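Okay, so here's the structure we're looking at.
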Amino acid sequence: MPSLEKARIISNSKQYHNLYIMEIEAPQTAKECKPGQFLHIFTSTGLDPLLRRPLSLYDVDKEAARISLLYKVVGKGTALLAAMSPGEYLDIMGPLGHGFSLPESARKCLLVGGGVGMAPLLYLARVLRQGGNELLALYGVGTEKELLALERLEAIGSQVQIATIDGSCGLEGPLIPQLFSEILNAKRIEFIYSCGPESMMKLWQEWARLNRIPGEISLEEYMACGVGACLGCARKLKPENETYAKICKDGPVFSLDELVL
Amino acid sequence: MPSLEKARIISNSKQYHNLYIMEIEAPQTAKECKPGQFLHIFTSTGLDPLLRRPLSLYDVDKEAARISLLYKVVGKGTALLAAMSPGEYLDIMGPLGHGFSLPESARKCLLVGGGVGMAPLLYLARVLRQGGNELLALYGVGTEKELLALERLEAIGSQVQIATIDGSCGLEGPLIPQLFSEILNAKRIEFIYSCGPESMMKLWQEWARLNRIPGEISLEEYMACGVGACLGCARKLKPENETYAKICKDGPVFSLDELVL
Amino acid sequence: MDLTVNLGGIKLKNPVAVASGTFGYGFEYADFIEPERIGAVIVKGTTLNPRPGNPGPRIYETPAAMLNAIGLENPGIKVFLREYLPLLRARQVTIIANIAGNNMEEYALMASMLQGHEGIAGIELNISCPNVKQGGIQFGTDPDTVRQVVAAVKRETTLPVMPKLSPNVTDIVAIALAAAEGGADALSMINTLGGMAIDINKRKPVLGNVFGGLSGPAIKPVALKMIYQVYQEVHLPILGGGGIVNHIDALEFFMAGATAVSIGTGNFINPRLALELLEGIEKYMQEQGFSSIQELVGIAHAY
Amino acid sequence: MDLTVNLGGIKLKNPVAVASGTFGYGFEYADFIEPERIGAVIVKGTTLNPRPGNPGPRIYETPAAMLNAIGLENPGIKVFLREYLPLLRARQVTIIANIAGNNMEEYALMASMLQGHEGIAGIELNISCPNVKQGGIQFGTDPDTVRQVVAAVKRETTLPVMPKLSPNVTDIVAIALAAAEGGADALSMINTLGGMAIDINKRKPVLGNVFGGLSGPAIKPVALKMIYQVYQEVHLPILGGGGIVNHIDALEFFMAGATAVSIGTGNFINPRLALELLEGIEKYMQEQGFSSIQELVGIAHAY
Ligand SMILES: Cc1cc2nc3c(=O)[nH]c(=O)nc-3n(C[C@H](O)[C@H](O)[C@H](O)COP(=O)(O)OP(=O)(O)OC[C@H]3O[C@@H](n4cnc5c(N)ncnc54)[C@H](O)[C@@H]3O)c2cc1C
Ligand SMILES: Cc1cc2nc3c(=O)[nH]c(=O)nc-3n(C[C@H](O)[C@H](O)[C@H](O)COP(=O)(O)OP(=O)(O)OC[C@H]3O[C@@H](n4cnc5c(N)ncnc54)[C@H](O)[C@@H]3O)c2cc1C
Ligand SMILES: Cc1cc2nc3c(=O)[nH]c(=O)nc-3n(C[C@H](O)[C@H](O)[C@H](O)COP(=O)(O)O)c2cc1C
Ligand SMILES: Cc1cc2nc3c(=O)[nH]c(=O)nc-3n(C[C@H](O)[C@H](O)[C@H](O)COP(=O)(O)O)c2cc1C
Ligand code: FES
Ligand code: FES
């Protein structure tokens, strides 16, 4: 069951440029977390910014009751988050949403994470490995220094392939299927999970469809309530649908075949 | 000439309960400061709170280009101020307003400061002493620990008499003329300066009138512009006046005989 | 201490309601707050037929406020009565239905459909929704229309009827008086202010619907003024809201003339706000020696 | 890059003005910003006779906004012409006068008194001040009255006339159309929204005048919507403002349809805002390849 909690900040520091990792202690919340879910966070010191901000569970240590967040400073809310110090308390609500589905029996899984889109995939990787799944993570960023999740991914026991726009690490170029055709052909991927820019995920959706591989992706919309009460985060999954899905409650994770990107 | 400056915070710490002292380095501003003037400070990290907050010059060291502020946390703005750390920059505008008048030749001056009302009087005391004036400061607070300016006042060479509501230091009771009648009768006060709750200053105004002593006091009103542009901080100094004075520009310091409290 | 209020026949266990469209059908927030402890849950605006709502983006944050253009997405009144009402009733939630019609007949028809269903404490008439093409706000901006639509609804129901007024009018008192003439039992004030935002990167309006309704703390001063004005001229109890995020805000509304208050956007910041507000109000009343919430209502007019 | 704008005959060196009542008579902020570098300084609202203004408190902060009830304190038009105008003229400040009358005749008389005075670029007609008992807002809420007062002023002056519209109306387009029919050369939008606040400790309204005008970032979405609507229906250049505190806000206004923008409350936060805004706009135009500010005006309608 999700809850409201004032979580103590253990650490919060800039990793590179506008990328931060925060670790919090959240006894009530941590124990409920599933990969792909998110926390809804009040970042403000006044009434502007007003609304909570959704951030994915980047990593969770249930024993220590700790949750890590990987975030990029893009506006007011994330800037205020970046200004918080260890020892302060963070007003969190969660875990919310409908996370990734986990296979009943072990599979060969592909994780495709672009930039901070890797945020929800790391904790997923951890849980998938605990379930004995074999993992290949494709990790695309602008430049080497943005590969914040790399170490943890490898420690978890995932194979990792990298693409950087500037070629500073791994393959040079954007995170598109063509770039990885060799390894993808070699592996017999059974399931794909992805998060990142929609234009990128669209290409992977096509690739998955061609190769008849099922999968799931995580979507974003601007949110108010985070629980399905305001109907704000609406998204027509397919043009022909009559109704709108709610990203916060029906998602943020959706099956690749239920939506058109 | 007043200016806009980003002043580096040297120190900012809680002294007692909700009372803080902040020291800032403000090369452009410091050199222009006169006792009784104020800084108009942007305290917000967003658009709420929106407006600047006026704070008196508590102490100024022109050589070191440093300004000290003594403030009480009463609401959003002052709370945000209290949360700032050394090394951060404070957005100040000032010095603004019309300060205390300084005597041409040395006088026996009485300073009457209630609570944080002592804020503008300390720097005044410093400048008055530099001009060779003889000072008696009456300092009234709730309890001993609130006597933040005491040490500096004494170091400056002012005589200090104290009143605390709880009797923890000095005389027991509120800062009213009756409490100090002995010393006031002994001294031949030539000028009175006061800042504090208006109900208190009203009693001192009556006392000054009875004893035919001229003087000045510092008033407060909620402010927007701080420079006389918005006409917001209006105050009818005497009931019979047709026009309203602007606290920010015509004050905050006013002559005792130009107003009815 | 007496915290019950009578909002023109709508009996509330306490004076804090949650506003339509911000609390779903009462259960979305149930992990965080017990809906039956709230003064009243005003459910999402219901229309005669199901509505898919507007294309996104539907919400956007602005300074101390948010814009929404949900477009009255809802499954229609039949589904509400069949699926949601029984659940709420079973849990003894105080329910106020909120209805919006495309025309007078639809309002009247929906009122008659609600009639006789146990568990509905009253009807909030949404004549002020800025986010739908038909129905909604145009019913709320002309005094004659307001009187007629209220009267039409009153004819069909024995439930207390509370029109929800739009702030987007020149003369709110004229609208409130018209509602009173039509037979309103109480007034709900205020709905959202019309507004919009532009995405300077895309060089187009942010919201899929172009325009939206502004809610949240930013609009509180507007709400307070309208309630203060209406309290002086119209003898109907007022459910006051617009920007309430803490108990001090709520006290301002009571003092301006509201008999009860509603929380909208505030729920998004703190889902437990309704109960925390109540605690704050009780504490204030205790400290200040008030024994009934009624003693606070309109007290700012006595100065 | 071309930053000059023509606001219905009011020629501005750049599209950023400072709003009436927030910048005094142009010199109060002179230690912080050179008034002659600002697109236009719209001076404090002037009345025929001197006015002392309202008793305090006159201002109060609310979430992302402020309330003011200055009550048009000013020394009267004669003093303005005799004492302030020459100073502004000497420094080559682009001046727009802002006038408010108690009745049509006073508006007309003031317009004729401004006629022939060198240095006044145009007249902003304040028909929307919420803070005075007589005059002000009641002129701005009825289309017929708006048309008449604009026409009465136009008869007395050859200066461009720009009525300043109140957002406190049901139908802003109707008001804007009436202003156009009356002969307005441009429109100034928007003045403050009516609002109030209550001091829960004193249990009475905060402002001496009870009601005040709401300005600042909180009202930006309301201003943008009204400008967007009027831009579509009325062919007059618009001076847009309401809550602008940075160049992104300003760009929103241009894209919604404003030919120039005005800064009010934003000056209180940052007295140099007018010039910083201008820099931000120039930078944006350079980066995005715009060569004239006109190319931005109303661009959000083309999506
Ligand atoms: C379920 C979910 C999980 C997310 N997980 C992460 C994460 O782990 N790490 C991370 O860095 N970011 C994540 N995001 C995005 C993050 O929520 C936004 O970047 C953040 O809310 C921006 O807030 P801000 O105040 O800094 O920016 P704002 O000033 O609000 O806006 C800056 C820009 O961000 C956009 N934006 C704001 N909120 C959202 C949003 N909810 N979704 C998409 N765009 C938005 C705005 O439109 C604007 O362009 C997630 C979003 C969702 C919906
Ligand atoms: C010229 C001048 C000099 C001042 N010097 C000092 C000083 O040296 N140290 C100090 O602690 N305080 C000083 N004050 C008072 C200080 O400005 C206010 O306490 C502060 O602005 C409150 O801001 P806030 O956001 O914390 O409180 P808010 O949340 O804004 O309000 C809290 C309470 O403070 C009141 N308040 C807010 N602003 C003012 C104001 N400008 N004047 C009076 N009451 C106000 C509000 O009405 C409210 O009751 C001075 C005020 C003026 C006008
Ligand atoms: C997302 C959202 C959806 C809303 N939907 C409705 C609705 O369906 N019917 C209605 O009468 N009001 C609706 N409203 C208006 C609210 O009930 C409330 O009147 C308004 O938000 C002002 O209060 P607030 O400032 O506390 O949010 C909605 C508001 C929001 C923010
Ligand atoms: C303190 C204050 C005084 C004002 N005085 C006037 C005035 O005399 N005449 C006028 O037309 N508008 C007046 N206004 C309205 C502003 O010119 C402006 O239209 C309004 O504040 C909205 O813009 P903003 O949100 O940028 O402040 C005043 C506003 C404020 C805040
Ligand atoms: S954010 Fe409210 S329904 Fe999703
Ligand atoms: S604060 Fe604007 S005139 Fe004093």
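Sequence lines set the chain letters: A, B, ... in the order given, protein chains first and strands last, and positions in each chain run from 1. Remember, it's a predicted structure, so these values are computed and weren't measured experimentally.
In terms of heavy-atom pairs under 4.5 angstrom with chain B, the leader among D:Pro57, D:Ala218, D:Pro217, D:Gly53 is D:Pro217. The candidate from D:Pro63, D:Pro50, D:Gly21, D:Ala64 with the greatest count of non-hydrogen atom pairs under 4.5 Å with chain B is D:Ala64. When each of B:Asp48, B:Asp91, B:Thr243, B:Leu50 is scored by its heavy-atom pairs under 4.5 Å with chain D, the top score falls to B:Leu50. Across D:Pro271, D:Gly26, D:Gly264, D:Gly216, the residue that shares the most heavy-atom pairs under 4.5 angstrom with chain B is D:Pro271. Among D:Phe268, D:Phe27, D:Tyr60, the residue with the largest count of heavy-atom pairs under 4.5 Å with chain B is D:Phe268.
Looking at D:Arg58, its side chain does come within 3.5 Å of a backbone N or O of B:Leu231 through a donor-acceptor pair. Distance alone, capped at 3.5 Å, is enough to place a donor-acceptor pair between the B:Arg52 side chain and the D:Ile269 backbone.
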Test side chain to side chain contact (heavy atoms under 4.5 Å, CB included) applied to D:Glu73 and B:Lys246, step by step
CA-CA 12 Å; D:Glu73 170 176 341; B:Lys246 305 305 165 303; 2.7 Å; yes
Candidate pair B:Glu242 and D:Arg51, rule salt bridge (Lys or Arg N to Asp or Glu O under 4.0 Å), full reasoning
CA-CA 9 Å; B:Glu242 291 231 325; D:Arg51 286 180 59 99; over 6 Å; no
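Annotation for D:Glu34: atom CD counts as buried by contact number, over 12 foreign heavy atoms lying within 6.0 Å. Counting heavy atoms of neighbouring residues, nucleotides and ligands inside a 6.0 Å radius, atom CD of B:Glu240 exceeds 12 of them. Within a 6.0 Å sphere centred on NZ of B:Lys14, heavy atoms belonging to other residues, nucleotides or ligands number 12 at most.
Here the shortest heavy-atom pairing between D:Tyr29 and B:Met93 reads CE2-CE, 3.8 Å.
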Without placing hydrogens or testing angles, list every side-chain donor-acceptor pair under 3.5 Å for residues 254-261 of chain B, not counting sequence neighbours.
unit_1: B:Ser255; atom_1: OG; unit_2: B:Asp257; atom_2: OD1; d: 2.7
unit_1: B:Glu258; atom_1: OE2; unit_2: B:Ser255; atom_2: N; d: 2.8

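Looking at D:Asn267, neither its backbone nor its side chain comes within 4.5 Å of chain B, counting heavy atoms on both sides. B:Ile247 does not touch chain D: none of its heavy atoms, backbone or side chain, sits under 4.5 Å away. Heavy-atom distances place the backbone of D:Ala65, and not its side chain, under 4.5 Å from chain B. If you measure heavy-atom distances from D:Phe32 to chain B, the contacts under 4.5 Å come from the side chain alone.
Within the structure, the side chain to side chain donor-acceptor pair (under 3.5 Å) test picks out the following pairs touching residues 28-38 of chain B (sequence neighbours left out): B:Glu5-B:Thr29.
The side chain to side chain contact (heavy atoms under 4.5 Å, CB included) test applied to B:Pro214 returns B:Phe191, not counting sequence neighbours.
Put simply, the side chain of B:Arg53 reaches to within 4.5 Å of the side chain of D:Glu61, judged on heavy atoms. Contact of the B:Lys236 side chain with the D:Pro55 side chain is not registered, since no non-hydrogen atoms from C-beta on lie closer than 4.5 Å.
A distance of 9.0 Å separates CG of D:Asn270 from CZ of B:Phe42, quoted to the nearest 0.5 Å. Annotation: the span from B:Leu47 atom CG to D:Thr265 atom OG1 amounts to 11.5 Å, rounded to 0.5 Å.
Taking non-hydrogen atoms and a 4.5 Å limit, the residue list of residues 220-230 of chain B in contact with chain D, ordered by number, reads B:Tyr222, B:Met223, B:Ala224, B:Cys225, B:Val227, B:Gly228, B:Ala229, B:Cys230.
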